[in-house]
Amino acid sequence: MSWEENIRKVVPYIPGEQPKSNKVIKLNTNESPYPPSPLVAKAIKDYDPDGLRKYPDTEATELVQELADTYKLPKDRIFVGIGSDDVLALSFLTFFNSKKPVIFPDITYSFYDVWADLYGIPYETKALDDDFNIITQDYLCDNGGVVIANPNAPTGAQMDICDIEKIIAYNKDRVVIIDEAYVDFGALSVIPLIEKYDNLVVVQTFSKSRALAGIRIGAAFGQEKIIGYLKDVKFSFNSYTLNPLTIAVGAAALRDDEYFKMITQKTVATRERVKKELRQLGFSFADSKTNFIFARHESKSASDIFEALKKQNIYVRYFKKPRIDNYLRISMGTDDQMDEMLSFLKGYLNG
Ligand SMILES: *Cc1c(COP(=O)(O)O)cnc(C)c1O
């Protein structure tokens with residue numbers, strides 16, 4: 001017998017490319033094109049490295065307190081982790097322990113099925129409709145838990161809050177996770193529903209709207225009881241996750257609400273302008289409420305456009321997967337970066 005028969009084998013999640021060259025216009029991983037708040041630079045400069053001698057605060061109190069103030073929630077309704085990937089992975093491990101399948105859309109964040117497979121959680125996907133909308137009715141069924149990204153990725157489409165509430169209310173005997181990675185770009189958060197539903201967990205990230213993908217901070221919001229279960233699993237796995245510098249940086253970013261609003265509004269304005277320009281070039285897409293647009297072209301194939309852009313050092317994301325293999329996911333860069341992409345596309349598509 002080979003040792004290979006006894007090990008856990010999984011097919012890993014594939015992140016977007018991170019090219020080394022800084023000549024690249026990088027529109028492939030939904031990072032912010034703007035730097036983090038100047039308060040972040042200050043927090044790093046002022047950080048006393050003697051703090052690294054000791055183990056970190058397992059409760060990340062400074063960061064959690066700042067989140068509590070920002071979201072007007074008590075501290076015990078907040079959980080933090082190393083990016084929302086960590087928070088979501090721990091949530092799958094904690095909340096999905098049923099023999100019944102967990103349900104999520106067929107087209108969504110491609111880490112969900114990876115975590116389910118890793119933990120041996122049974123799951124079923126529910127097809128989006130032809131316009132890439134989530135069909136509420138599909139989630140009103142017997143299941144082992146529900147996961148919905150809102151706005152969804154990579155489609156960018158937002159669900160109606162009333163429909164999300166219907167799903168949370170129907171599934172009151174199991175946990176519903178709403179992944180709000182992109183909610184700060186003009187969508188509505190379901191955080192206010194926490195008060196009403198003890199089965200709801202809302203997950204957010206600092207990676208996109210707070211321009212901090214590199215520092216790795218994510219958060220979950222829910223009632224004390226459900227957050228308590230999440231903490232129990234976290235403390236059974238790795239107590240010391242967020243390091244003190246990360247905690248200081250995250251808290252500093254939250255203190256600069258004005259800057260946060262400025263960069264998210266800029267991205268929204270860029271997105272709305274790029275939508276118009278892409279439409280004129282023959283692209284169509286769902287109405288994105290995120291920092292990206294998921295688009296197909298009326299005549300050119302997505303893979304051809306993807307390769308042509310890459311030759312120009314413009315990286316966008318292309319998923320070779322059923323139903324979406326003729327779409328490109330284009331992250332919003334600065335206005336100048338988007339203009340460079342648009343001007344190339346004009347020549348390429350009309351020439
Ligand atoms: C980016 C993203 C995440 C994870 O982001 P982190 O950098 O790990 O916080 C989670 N869910 C969705 C839908 C995302 O797009």
Side-chain angles (χ1 to χ4, degrees), residues 12-18 26-33 36 40 60 63 67 78-93 102 104-116 118 125 128 132 134 146-159 164 176-187 189-190 201-221 230 234 238 241-243 246-247 249-250 253-254 260 264 267 271 286 288-294 316-317 319 321 324 327-332:
Y13 169 79
I14 306 164
E17 255 182 284
Q18 294 290 13
K26 206 172 164 301
L27 310 175
N28 68 335
T29 51
N30 299 340
E31 291 147 339
S32 170
V40 165
L63 175 61
L67 281 165
I78 301 169
F79 176 87
V80 289
I82 314 167
S84 56
D85 283 344
D86 178 45
V87 175
L88 285 163
L90 283 168
S91 297
F92 271 59
L93 186 58
V102 167
F104 46 83
D106 62 339
I107 300 167
T108 190
Y109 189 38
S110 48
F111 228 136
Y112 300 156
D113 55 349
V114 173
W115 287 316
L118 175 63
T125 60
L128 298 183
F132 288 162
I134 288 172
V146 180
V147 191
I148 287 174
N150 188 58
N152 197 12
T155 66
Q158 176 185 216
M159 235 183 139
I164 301 181
V176 176
I177 298 175
I178 306 295
D179 179 354
E180 295 189 333
Y182 299 101
V183 77
D184 297 326
F185 299 102
S189 173
V190 292
V201 177
V202 184
V203 178
Q204 292 194 1
T205 177
F206 285 46
S207 296
K208 282 95 186 202
S209 57
R210 296 188 193 271
L212 284 170
I215 204 86
R216 314 303 302 131
I217 303 174
F221 306 95
L230 192 52
K234 177 237 156 92
N238 182 0
T241 49
L242 277 79
N243 66 68
T246 298
I247 292 169
V249 162
L254 288 167
F260 165 71
T264 48
T267 297
R271 178 189 74 208
S288 168
K289 292 284 180 204
T290 62
N291 64 344
F292 59 83
I293 296 171
F294 194 56
V316 298
R317 192 86 190 261
F319 301 93
K321 286 190 175 173
I324 57 169
Y327 283 80
L328 296 173
R329 194 194 67 189
I330 306 165
S331 309
M332 291 306 109

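Everything quoted here is computed from the prediction, not taken from an experiment. Ligands are counted one by one from 1 in listed order, and the atoms in each one are counted from 1 as well.
Between the side chains of T246 and N243, at least one donor N or O sits under 3.5 Å from an acceptor N or O.
Remark: ligand 1 and Y112 share no N or O pair separated by less than 3.5 Å (distance only, no angle test).
Rounding to the nearest 0.5 Å gives a distance of 10.5 Å between CD of Q204 and CD1 of I78. The structure places OG1 of T155 at 8.0 Å from CD1 of I107, a figure rounded to the nearest 0.5 Å.
With respect to the salt-bridge test (charged N to carboxylate O, under 4.0 angstrom), the residues E31 and K208 do not qualify.
Numbered from 1 in the order shown, with element, the atoms of ligand 1 that lie under 4.0 Å from a heavy atom of R216 read 6 (P), 7 (O), 8 (O). Numbered from 1 in the order shown, with element, the atoms of ligand 1 that lie under 4.0 Å from a heavy atom of G83 read 8 (O), 9 (O).
Aromatic ring centres of F260 and F206: separated by at least 6.0 Å. Aromatic ring centroids of F292 and Y182 lie under 6.0 Å apart.
With a heavy-atom cut-off of 4.0 Å, A181 touches ligand 1 through its side chain alone.
Here atom 5 (O) of ligand 1 lies nearest to S84 when heavy atoms of P15, S84, G214, S110 are compared.
With respect to atom 7 (O) of ligand 1, the closest heavy atom belonging to the protein is S207 OG, 2.6 Å. Protein heavy atom at the shortest distance from atom 13 (C) of ligand 1 is D179 OD2, 3.4 Å. Distance from atom 1 (C) of ligand 1 to its nearest protein heavy atom, with residue and atom name: K208 NZ, 1.2 Å.
A donor-acceptor contact shorter than 3.5 Å is absent between the side chain of R317 and the backbone of I330.
Contact analysis puts Y182 in contact with ligand 1, with a non-hydrogen atom separation below 4.0 angstrom.
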